[in-house]
Amino acid sequence: MMTESAQLLDAFDARVERRNMRREFFKTAMGAAAAGVTAFSLAGKAGAQSTVTDTDILNFALNLEYLEAQFYAFAANGTGLPANQLTGTGTQGAVTGGQQVNFATGIGDDAIVGQYAREIAADEAAHVAFLRTALGSAAVAQPAINISGDANGPFTAAALAAGVITSGTFNPYSSPTAFLLGAYIFEDVGVTAYKGASPLISNKTFLQAAAGILAVEAYHAAIVRTTLYARGYADPNPESSLITAAGKISDARDSLDGSSDLDQGIAQTTVNGQLVSNIVPLDTNGIAFSRSPGQVLNIVYLNKAAATLGGFFPNGVNGNLRASVAN
């Protein structure tokens, strides 16, 4: 049997050398929405039921919010979510790893990143609380979550497979810059997950709330992408720094979620060789792209095959939408 690292290397191998210029990834916004609906509605695909309820969708989102909230809570404050925010249906799991990042205390770039981290941590905790309240007794418990920055953790496995590092350990808590790269893994995925789910929510109150959360996640993603680009661009050789690392992470996500070239890094190179920012990943109509739950799980499970656990969720997520798709 192949080791997890070997499987990940195989999964990412085809995409680690990213093209400078992106091709079109959707012909129309209608086509993107239709693809998302199909992914949710086919029985047997991605572990989905033939009919997916609003409760299923909100619980799927809650699993992702648990992951993001715990990562940011530890990075910003050194402690996770309170125990009363972790209970619910399904098997409750613990958090493995997580530590506080040493952000600079004075006025400066690192101190600003620390302020961003604390703001985002508060937002993500609020998302968990809101979804739990909206779902009531139907809310799923927090599943087991691995956010370890050690040599055997999912951050290191992803970084090695993507080529962000060639050996050793990637610890997103080791510095403000490493934290930004760790956050970059999650934030874009959250935006595309809410975008993909939005056409499937029937309750208008829930739909409005989901749209609001999507907007907040997009703000978070923009903060992370902008800060990474600014730090990378300031490097004397920006194309070999953080900008390249972010592009490799983008390629890694793309290699896991299917054959379509959807994801985008934080910069592009024009035909005359000029490096330009790509803060907002869009299609040719200026619209953000979508991922189905199965595609999202491919990324957080770090597996392009059909799976029900792995990566950041070692025992899988709770709820009815819990299986990734075979890509």
Side-chain angles (χ1 to χ4, degrees), residues 12 15-23 25 68 71-72 75-76 101-104 106-120 149 154-192 217-256 261-282 288-289 299:
F12 291 135
R15 299 289 185 97
V16 294
E17 294 297 329
R18 194 167 190 78
R19 295 183 300 276
N20 286 332
M21 299 303 293
R22 311 293 302 197
R23 70 173 183 264
F25 33 84
E68 288 189 316
F71 170 70
Y72 284 113
V101 177
N102 183 22
F103 298 108
I107 297 174
D109 195 23
D110 283 351
I112 292 172
V113 174
Q115 291 181 25
Y116 294 161
R118 288 184 285 274
E119 179 182 358
I120 295 174
F155 284 108
T156 294
L160 284 168
V164 173
I165 58 174
T166 57
S167 63
T169 300
F170 175 69
N171 180 0
Y173 312 102
S174 62
S175 70
T177 298
F179 160 77
L180 288 167
L181 284 174
Y184 178 63
I185 294 174
F186 296 136
E187 284 302 338
D188 284 359
V189 179
V191 173
T192 58
E217 297 292 350
Y219 277 120
H220 294 169
I223 289 171
V224 172
R225 292 174 72 95
T226 300
T227 309
L228 280 172
Y229 182 80
R231 288 188 168 207
Y233 194 81
D235 189 285
N237 186 17
E239 290 197 69
S240 64
S241 64
L242 285 174
I243 291 174
T244 298
K248 289 180 177 181
I249 292 172
S250 172
D251 289 343
R253 294 188 301 228
D254 233 351
S255 71
L256 290 169
D261 188 10
L262 304 177
D263 213 305
Q264 298 175 47
I266 59 175
Q268 295 182 354
T269 303
T270 63
V271 291
N272 63 359
Q274 177 67 42
L275 190 71
V276 296
S277 65
N278 187 51
I279 302 304
V280 185
L282 302 170
F289 67 93
I299 295 171

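Here CD1 of I279 is found 4.0 Å from OG1 of T226. Values are rounded to the nearest 0.5 Å. Here the straight-line distance linking atom CG of L181 with atom CG of L242 works out to 5.5 Å at 0.5 Å rounding. Atom CD of E187 is separated from atom CD1 of I120 by 5.5 Å, given to the nearest 0.5 angstrom. Atom OG1 of T227 sits about 7.5 Å away from atom CG of D109, to the nearest 0.5 Å. How far CG of L228 is from OG of S241: 9.5 Å, rounded to the nearest 0.5 Å. Distance check: S175 OG to N102 CG gives 10.0 Å after rounding to the nearest 0.5 Å.
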Applying side chain to side chain contact (heavy atoms under 4.5 Å, CB included), run through N278 and R225 and close with a yes or a no. CA-CA 8 Å; N278 187 51; R225 292 174 72 95; 3.8 Å; yes
Just do the side chain to side chain contact (heavy atoms under 4.5 Å, CB included) check on H220 and E68 with the steps written out, would you? CA-CA 11 Å; H220 294 169; E68 288 189 316; over 6 Å; no
Take V113 and F103 through the test side chain to side chain contact (heavy atoms under 4.5 Å, CB included) and record every step on the way to the result. CA-CA 7 Å; V113 174; F103 298 108; 3.7 Å; yes
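Of the listed residues (D188, I243, I249), just one forms a side-chain contact (heavy atoms from CB on, under 4.5 Å) with I266, and that residue is I243.
Side-chain atoms of K248 come within 3.5 Å of backbone N or O of G163 as a donor-acceptor pair. Side-chain N or O atoms of S250 include none that pairs as donor or acceptor with a backbone N or O of A246 at under 3.5 Å. Side-chain N or O atoms of T192 include one that pairs as donor or acceptor with a backbone N or O of V189 at under 3.5 Å. Looking only at distances, a side-chain donor or acceptor of T156 sits under 3.5 Å from a matching main-chain atom of F170.
Scanning both residues, A267 and Y229, for their nearest heavy atoms gives CB-CE1, 3.6 Å. V191 and A221 get closest at one heavy-atom pair: CG2-CB, 4.2 Å. Closest non-hydrogen pair, G149 versus P172, comes out as CA-CD, 3.9 Å. The two residues F289 and L262 have their closest heavy-atom pair at CE2-O, 3.4 Å. A pairwise comparison of heavy atoms in Q264 and R253 identifies O-NH2, 4.4 Å as the closest pair. Considering every non-hydrogen atom in both V224 and L180, the closest pair reads CG1-O, 3.5 Å.
Using the six-membered ring where Trp is involved, Y173 and F71 have ring planes that are tilted, between 30° and 60° apart.
Between Y72 and F186, the ring centre distance reaches or exceeds 6.0 Å. Under the 6.0 Å cut-off for aromatic ring centres, Y116 and Y219 do not qualify, their centroids lying 6.0 Å or more apart.
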